[in-house]
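Right, one structure below, let's go through it.
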2 protein chains.
Amino acid sequence: MPYTYEYPHPAVTVDGVVFGYDEADLKVLLIQRDQPPYRGKWALPGGFVDMNESLEAAARRELEEETGVTELYLEQLYTFGEPKRDPRERVISVAYYALVKLADHTVRAASDARNVAWFPVANLPALAFDHEEILDVALRRLKGKIRYEPIGFELLPEKFPLSELQRLYETILEQPLDKRNFRKKILSMGLLADTEEIQQDVAHRAARLYRFDEPSYRRLKKAGFNFEL
Amino acid sequence: MPYTYEYPHPAVTVDGVVFGYDEADLKVLLIQRDQPPYRGKWALPGGFVDMNESLEAAARRELEEETGVTELYLEQLYTFGEPKRDPRERVISVAYYALVKLADHTVRAASDARNVAWFPVANLPALAFDHEEILDVALRRLKGKIRYEPIGFELLPEKFPLSELQRLYETILEQPLDKRNFRKKILSMGLLADTEEIQQDVAHRAARLYRFDEPSYRRLKKAGFNFEL
DNA sequence: TCAAAAGTGTTAACCATACACCCATGC
DNA sequence: GCATGGGTGTATGGTTAACACTTTTGA
């Protein structure tokens with residue numbers, strides 16, 4: 001027991017809410033615990049913060065270690081620290097949420113062989129600790145933020161048809177959007193570049209594929225433009 | 001040295017960015033440190049989290065102990081945890097920001113006789129640790145949030161004239177607002193109750209005093225109303 | 001009577017919404 | 001040729017933005 005302090009110190013962990021999206025659903029990445037407490041229960045990936053790494057670095061490391069997910073949009077969400085949230089000892093958890101392009105990231109089981117899987121947020125298992133609350137906060141944040149920051153693109157493949165973008169918004173905001181108005185608005189922003197490509201192998205007229213034009217966005221933003229819906 | 005752990009644990013603190021407002025300025029509450037490191041420097045009030053209290057309770061307790069400020073709007077801001085942000089040991093700081101009615105809170109020097117004072121945010125001294133960064137994040141949050149949540153009232157006295165509300169918004173948003181449009185909009189929301197009182201002892205026509213009607217706001221909110229600007 | 005801030009309406013431009021049909025493609 | 005989703009324009013109503021003068025009060 002080599003680490004001693006004059007005053008008691010809580011443990012500090014990071015937990016990650018990783019969102020992905022496929023044609024049908026918004027999904028979240030969970031791991032199945034193989035140690036008590038909550039052995040066998042599903043939980044958010046996470047772990048202890050090392051003494052020499054920043055909180056964000058810890059979150060990235062844990063996500064990579066436990067799920068193989070890398071290269072993601074990551075943002076601090078909220079810090080959870082109720083005294084009894086972990087039955088073992090006082091644990092402060094700094095939660096992050098992440099957005100990944102599902103197609104690029106086939107998750108692999110973690111090195112320690114725990115189960116890893118995507119669950120639709122509309123149909124989740126019971127979660128360990130206070131992870132349902134964390135997920136809830138993450139969902140509210142995503143729902144709020146997607147309306148005034150262009151982060152939805154982080155959940156889509158590099159190239160996507162407008163209908164897929166619309167479906168993503170409809171799924172996350174939980175409300176239908178008018179097709180013509182949606183297209184008009186999003187195209188008028190000048191954030192999407194036409195890739196000059198079209199869908200392949202679809203059983204109907206193939207849609208144009210667009211891509212989020214990051215440099216344009218930065219330019220517009222500097223000029224005072226504010227993304228909204 | 002009675003507290004030992006199998007793995008190293010960082011220390012966890014809370015820091016508070018307390019905002020106040022008077023006719024002229026947005027202000028922030030700072031304390032002058034009387035211990036190294038940064039002895040003599042101004043800093044945000046804060047301190048260690050006790051093992052049996054929640055993070056928010058810790059923030060409230062520290063603010064009360066160090067500045068005498070109580071009964072305030074308090075919200076978690078962000079968690080700062082860069083490895084070297086405190087030269088003594090690894091310290092994770094969960095920052096909160098608070099809004100208080102300046103008139104109600106003449107600050108008292110803390111029990112341990114440290115200096116406490118309000119500073120205009122436009123004219124701050126150099127701060128200890130990474131507290132300038134924390135303050136910066138708090139300002140951005142306040143600026144964003146005041147536009148879509150009715151939190152500005154937390155900074156004003158119970159009863160206030162519309163012009164003072166407008167000045168508050170102009171100060172925080174750092175942009176002038178049109179008087180007629182501002183009044184039209186804010187009054188049309190139905191959130192302000194006319195107190196039937198008027199200003200006293202002013203050297204010009206006395207303005208009506210209004211008060212934020214919390215029950216009305218809750219009712220409207222439940223009915224789907226969204227405050228904006 | 002002057003200074004200082006309170007209080008008050010109208011118009012024009014813009015933006016959001018609602019809404020329906022033809023097109024291209026693969027089966 | 002039919003089913004599937006892609007793609008397109010207009011009209012209306014509501015919201016925002018711009019703008020100037022009269023009123024009240026105390027000094």
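All values below were derived from every heavy atom in this structure, side-chain atoms included, with hydrogens, water molecules and symmetry-related copies excluded. Letters go in sequence order (proteins before strands), and every chain restarts at 1.
- Atom CG of B:L124 is separated from atom NE2 of B:H131 by 13.5 Å, given to the nearest 0.5 angstrom.
- Distance check: B:L44 CG to B:D15 CG gives 6.0 Å after rounding to the nearest 0.5 Å.
- Where A:Q199 and B:H204 meet DNA chain D, the nucleotide closest to each residue was compared, and A:Q199 sits on the side nearer the 5' end.
- Bounding nucleotides for the chain B contact on DNA chain C, 5' to 3', at a heavy-atom distance below 4.0 Å, are C:dA4 to C:dT10.
- Comparing A:A203 and A:K179 by the nucleotide of DNA chain C that holds the closest heavy atom to each, the one mapping nearer the 5' end is A:K179.
- Here chain A contacts DNA chain D (any atom closer than 4.0 Å to a heavy atom, that is under 4.0 Å), and the contacts span D:dT4 to D:dT10 from 5' to 3'.
- One finds the CD1 atom of A:I198 at 11.5 Å from the CD atom of A:E196 (value rounded to the nearest 0.5 Å).
- As judged by a 4.0 angstrom heavy-atom cut-off over every strand, B:R183 is placed among the base-contacting residues.
- For B:R33, the CZ atom sits in a packed shell: over 12 heavy atoms of surrounding residues, nucleotides or ligands are nearer than 6.0 Å.
- Here B:E71 does not pair with B:K101 in a salt bridge; the nearest charged N to carboxylate O distance is not below 4.0 Å.
- Once rounded to the nearest 0.5 Å, the distance linking OH of B:Y97 with CD1 of B:I134 reads 15.0 Å.
- Here the rule is ring pair (Phe, Tyr, Trp, His ring centres under 6.0 Å) with A:F129, and of A:Y38, A:W42, A:F80 only A:Y38 fits it.
- Here A:E197 contributes atom CD and A:K159 contributes atom NZ; the two are 3.5 Å apart, rounded to the nearest 0.5 Å.
- Ion pair A:K145/A:E75 flagged as a salt bridge, since at least one NZ, NE, NH1 or NH2 atom sits closer than 4.0 Å to an Asp/Glu carboxylate oxygen.
- Five base pairs at each end of the helix from C:dT1-D:dA27 to C:dC27-D:dG1 define two local axes, and these are offset by 0° (rounded to 10°).
- Each of B:R205 and A:R180 lies near DNA chain C, and the nucleotide nearest B:R205 is the one positioned closer to the 5' end.
- At the heavy-atom level, A:D178 lies under 4.0 Å from base atoms of the strands shown.
- Under a 3.5 Å cut-off, the side chain of A:E66 and the backbone N or O of A:P45 do not form any donor-acceptor pair.
- Between B:Y217 and B:F212, the ring planes are tilted. Angles from 30° to 60° get that label.
- Note on B:K184: a base of the nucleic acid sits closer than 4.0 angstrom, heavy atoms only.
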